Number of protein chains: 4
Amino acid sequence: MSVLLHPMRKNAAAAKKDKEAVIFRAALKTITEKGFHKARMSDIAREAGISYGLVYHYFNNKEDLFDAILNRWWDGLFGLLADVSEGDYDVRQKLRHIIDYFLETYQSEPEMVNIFITEISRSTTNLTSHRLDYFKKSMTLTEAVIAEGQKRKVLRTDIKARYLTYMFLGAVETFLSTMVLVDQKIKGDAQKERIAKSILKVFLNGAKEQKINKKSEIRGRKSPVSDMKLC
Amino acid sequence: MSVLLHPMRKNAAAAKKDKEAVIFRAALKTITEKGFHKARMSDIAREAGISYGLVYHYFNNKEDLFDAILNRWWDGLFGLLADVSEGDYDVRQKLRHIIDYFLETYQSEPEMVNIFITEISRSTTNLTSHRLDYFKKSMTLTEAVIAEGQKRKVLRTDIKARYLTYMFLGAVETFLSTMVLVDQKIKGDAQKERIAKSILKVFLNGAKEQKINKKSEIRGRKSPVSDMKLC
Amino acid sequence: MSVLLHPMRKNAAAAKKDKEAVIFRAALKTITEKGFHKARMSDIAREAGISYGLVYHYFNNKEDLFDAILNRWWDGLFGLLADVSEGDYDVRQKLRHIIDYFLETYQSEPEMVNIFITEISRSTTNLTSHRLDYFKKSMTLTEAVIAEGQKRKVLRTDIKARYLTYMFLGAVETFLSTMVLVDQKIKGDAQKERIAKSILKVFLNGAKEQKINKKSEIRGRKSPVSDMKLC
Amino acid sequence: MSVLLHPMRKNAAAAKKDKEAVIFRAALKTITEKGFHKARMSDIAREAGISYGLVYHYFNNKEDLFDAILNRWWDGLFGLLADVSEGDYDVRQKLRHIIDYFLETYQSEPEMVNIFITEISRSTTNLTSHRLDYFKKSMTLTEAVIAEGQKRKVLRTDIKARYLTYMFLGAVETFLSTMVLVDQKIKGDAQKERIAKSILKVFLNGAKEQKINKKSEIRGRKSPVSDMKLC
DNA sequence: TATGAATGAGGGTTCATTCAT
DNA sequence: AATGAATGAACCCTCATTCAT
């Protein structure tokens, strides 16, 4: 169908998408603030600046609206994980990309990250089996990266890949959820860098005081700061 | 007043406590299954095998019943944290005790842990300022252990104590919440041991393959890191 | 049945009456404070210092307890009205006795008067046909006094006796209900006298400035104060 | 915005007002019949011929609906009292206007008058401090009229203005509440005239047989009291 | 598309009453 | 006579969803 022949169609479709996006954003914000259960359809409509009857024109019901949000999250995450696993990165870079995805999404769409963590990642409440499947898939894909790291001797093998995955994602999520809890935004890319490095550092090198470094420091004047470059 | 003289009194009091406990358990189970919001007082009553109104004989309202559960959790956790900070333990032992508390509570009362994680730790929905205070207190107490570790040079100091705390608790929580999510129970103390050690190992020594150590081992220089095997 | 033979019976009966009276008083107080609907049986029991199950030992149910209160009021009022109509009083004295009964009962049992006014006299809410009968009877008995006054040419006849009755009782009740409203007690017999006289004065002589008196004053040096003696 | 261009707008607004009025009437009727406490929101909805939830579309809750009724009453009464105090009337005319307001409102909206008397004027049960303020204001405004009468020597000064106010309003209210109680409607303006005159007559001139007047009439001396017939 | 009036199932809570002890 | 645990019907209110306009 030619756009030239039916310019209104395109505009109409675009308008539809626009309005859908407006509702989507409103839902994101409202659900973040109140949680899925306490967020009322009328709250979302008011936030979107439309009548609440109209929400049902674009989304069948509240659950569907919720799933639309989740799908956006999953689409993004699965896209990233696909890029990562297909791309030519070493394991550390892959993990860093995953961390970056969480942090960057939190920067650009903090509500989405919040909803993922509070309503899905840590809640059995809204967990339909359909939604659980997505969750398990994301776990499995991340685990593949971890397992690859073990295979390539970048990650220790004396702990199950699944356990390492729990800890890796746990560190990322806790960081984000605590920032959400205290309503702290990531201030600029510099802070993002620092957080990403910290997570990766602790996960990869551990929290233990690296006495080895001190020795090397003594021997090679390597300062603890230089150590950070390793991350 | 002698118990011998008033045996019924004692039984009555005991019966009262018993019934309260029955309702408490039912609430634990129901809230775990459905979440606080979807858990109906009638569900809890049915689960407890009592009439609807009787729940209100023992608990003022749903919110109070919820707080009773949370208080039990916080009482246990704060008790443990007090024991830990007062006790004569090194930092690693202290962290291990904290991990053990989570794991053991999950073994004995998985619902309690689940409710803590899903409804409080990762949700702003039910977070009254009163409840947030408890949460912050637990963070601060754990951070004190972490900070002590930094002071004693057991933990790295180039990352803020608060950040390390997030990661430590995050790892523990993710472990537990994922087990909750897939409804996996801890099978015996052996598995508990393995999980606790894994968490501690990764947190303290990092997930990275410790090539440095191997070298130093080869060279015959026993680095402190080599005692990793003890974990 | 001889009291000597069954002394305990008497004591038991007396005790029963005592406990009944305690509950009665508690009901009076509670219903006055909260109104019949908002007064809970448990409130009454707590006020009486007994368990709430016991209330049902002495009164079948809440309605019966309420009726017991009303009956006490009606018994007193009908007793007074009987005394008044049988006694050798002129109409003014009879009306004065009625006023006194209200005021004195308000002095000794303000709650009873309050309940009568708020729950019965001015409320269709609690009015069963059975209760309405009592109300009508009291109206009719008072009207008889008024009608007698008209017959004896003490009261004007150009207004229906029933209308005069409304106004007479209306003045009394408004006085009392307003005192109840502002929680004002009658301070001593002197104030009671003044109120009783005021009501009677206005009812009998009217609120209008008594210019006639001024004339008589002029003629006979009768002061306005002396006019009060007429009431 | 032209009404011609948007006729539906006007109709919609009108419809909204209509429905609100329907609910208002239903509430009036139901509360009159059952009292505020026993009146159920479902009763009101059924009486209005609408669904349960719709009541909450127009009124926030039961209290608000109740207050809407009271406000209508107070608005009318305060409007009348303002007119009266500003208008060029003598005191008797002012009192007559007040009486008329009660009687006419009872004719046109008997339920409103009933609710005022039973739920507010004579009941502490529903009396919030906010509502008590209105009540006191109406007392004060009426007292001002009475006090003016005393100042102009139309009303006796040996009784406190407040006491006279109690008696005046008491007479009016008792009349109305008793009519409500026996479900008696005012039959036509003639009866209204008679009642109004009776109340005013008794309040101003008293219930006593006016022998004095007759004498003065006989003597040919037209006293002010003789114009009583005008009442 | 767009509105918001209309519906009604269902939830938390109250409390009169019963009953086992 | 006395207790208070136990019951459950009813109430107020919420809010997702439908539908007439």
Side-chain angles (χ1 to χ4, degrees), chain A residues 12 15-16 19 37-46 48-65, chain B residues 8-9 11-13 15-16 18-20 37-45 48-65, chain C residues 12 15-16 19 37-46 48-65, chain D residues 7-9 11-13 15-16 18-20 23 37-45 48-65:
Chain A
K16 182 178 165 74
K19 188 71 58 121
H37 263 101
K38 284 186 181 164
R40 285 165 295 170
M41 289 299 261
S42 61
D43 292 331
I44 294 170
R46 195 184 319 110
I50 58 166
S51 76
Y52 54 91
L54 194 55
V55 177
Y56 286 86
H57 217 80
Y58 294 92
F59 298 92
N60 285 323
N61 53 41
K62 202 181 169 187
E63 289 286 309
D64 275 17
L65 183 49
Chain B
M8 298 318 282
R9 276 292 168 85
N11 290 353
K16 184 178 166 70
D18 283 356
K19 191 65 60 103
E20 222 176 87
H37 260 100
K38 281 188 181 161
R40 304 299 159 211
M41 288 301 261
S42 59
D43 294 332
I44 294 171
I50 58 168
S51 77
Y52 194 93
L54 193 56
V55 179
Y56 287 88
H57 198 79
Y58 292 92
F59 297 92
N60 286 324
N61 51 44
K62 200 183 170 188
E63 206 72 9
D64 273 20
L65 183 48
Chain C
K16 182 178 166 74
K19 189 70 57 120
H37 263 101
K38 285 185 180 165
R40 283 165 297 170
M41 290 300 260
S42 60
D43 292 331
I44 294 171
R46 194 184 321 111
I50 58 167
S51 76
Y52 55 89
L54 195 54
V55 177
Y56 286 86
H57 217 81
Y58 293 92
F59 298 92
N60 286 323
N61 52 41
K62 202 181 170 188
E63 289 285 309
D64 274 18
L65 183 50
Chain D
M8 299 317 282
R9 278 290 169 85
N11 290 353
K16 183 177 165 73
D18 283 356
K19 192 64 61 102
E20 221 176 89
I23 297 170
H37 261 100
K38 279 187 181 162
R40 306 295 160 214
M41 288 301 260
S42 59
D43 295 330
I44 294 171
I50 58 168
S51 78
Y52 191 91
L54 193 56
V55 179
Y56 288 87
H57 197 79
Y58 292 93
F59 298 92
N60 286 323
N61 51 44
K62 203 182 167 188
E63 286 291 301
D64 274 19
L65 182 49

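What you see below is based on every heavy atom in this structure, not just the backbone, and it leaves out hydrogens, waters and symmetry mates. What you are looking at is a predicted structure, and each value in this text was computed from that prediction instead of being measured. Residue numbering restarts at 1 for every chain, and letters A, B, ... go by the order of the sequence lines.
Remark: A:His57 engages A:Leu54 in a side-chain contact (heavy atoms from CB on, under 4.5 Å) (not counting sequence neighbours). Residues that satisfy the side-chain hydrogen bond (donor to acceptor under 3.5 Å, both in side chains) test with B:Asn61, not counting sequence neighbours, are absent from this structure. For A:Arg40, the salt bridge (Lys or Arg N to Asp or Glu O under 4.0 Å) partners two or more places apart in sequence, or in a different chain, are A:Asp43.
Atoms CD (A:Glu63) and P (F:dT17) sit 8 Å apart, rounded to a whole Å. In this structure, B:Glu20 places its CD atom 15 Å from C1' of F:dG4, rounding to the nearest Å. Distance CZ (A:Phe59) to P (F:dA16): 15 Å, rounded to an integer number of Å. Look at CG on B:Asp43: it is 12 Å from C1' on E:dG12, rounded to the nearest Å. Regarding A:Tyr58, its OH atom lies at a distance of 13 Å from the C1' atom of E:dT3, rounded to whole Å. Here the C1' atom of nucleotide F:dT14 and the NZ atom of D:Lys62 are 17 Å apart, to the nearest Å. In this structure, C:Ile44 places its CD1 atom 12 Å from P of E:dC15, rounding to the nearest Å. For the pair B:Leu65 CG and E:dT13 P, the interatomic distance rounds to 10 Å; values are reported in whole Å.
Between A:Arg40 and F:dT14 there is no side-chain N or O to OP1 or OP2 distance below 4.0 Å. Within the 4.0 Å cut-off from OP1 or OP2 of E:dA6, at least one side-chain nitrogen or oxygen of D:Lys19 is found. The phosphate of E:dT1 has neither OP1 nor OP2 within less than 4.0 Å of any side-chain N or O from A:His57.
Where C:Met41 and B:Asn61 meet DNA chain E, the nucleotide closest to each residue was compared, and B:Asn61 sits on the side nearer the 5' end.
Near DNA chain F, meaning a heavy atom under 4.0 Å from it, residues 49-56 of chain A has A:Tyr52, A:Tyr56 in order of number.
With C:Lys62 contributing its side chain and C:Ala39 its backbone, the two residues share a donor-acceptor pair below 3.5 Å.
Residue D:Ile23 comes nearest to D:Ala48 through the heavy atom pair CA-CB, 4.2 Å, listed as atom of the first residue, atom of the second, then distance. The nearest pair of heavy atoms linking D:Ala45 to D:Ser51 is CB-O, 3.8 Å. Annotation for C:Ser42 and C:Tyr52: closest pair CA-CB, 4.1 Å, computed over non-hydrogen atoms.
The distance from atom CD1 of B:Ile50 to atom OH of B:Tyr58, rounded to the nearest 0.5 Å, is 7.5 Å.
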Structure string for DNA chain F in dot-bracket form, Watson-Crick and G-U at under 3.5 Å, | interchain: .||||||||||||||||||||
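Here A:Ala39 lies in heavy-atom contact (under 4.0 Å) with sugar-phosphate atoms only.
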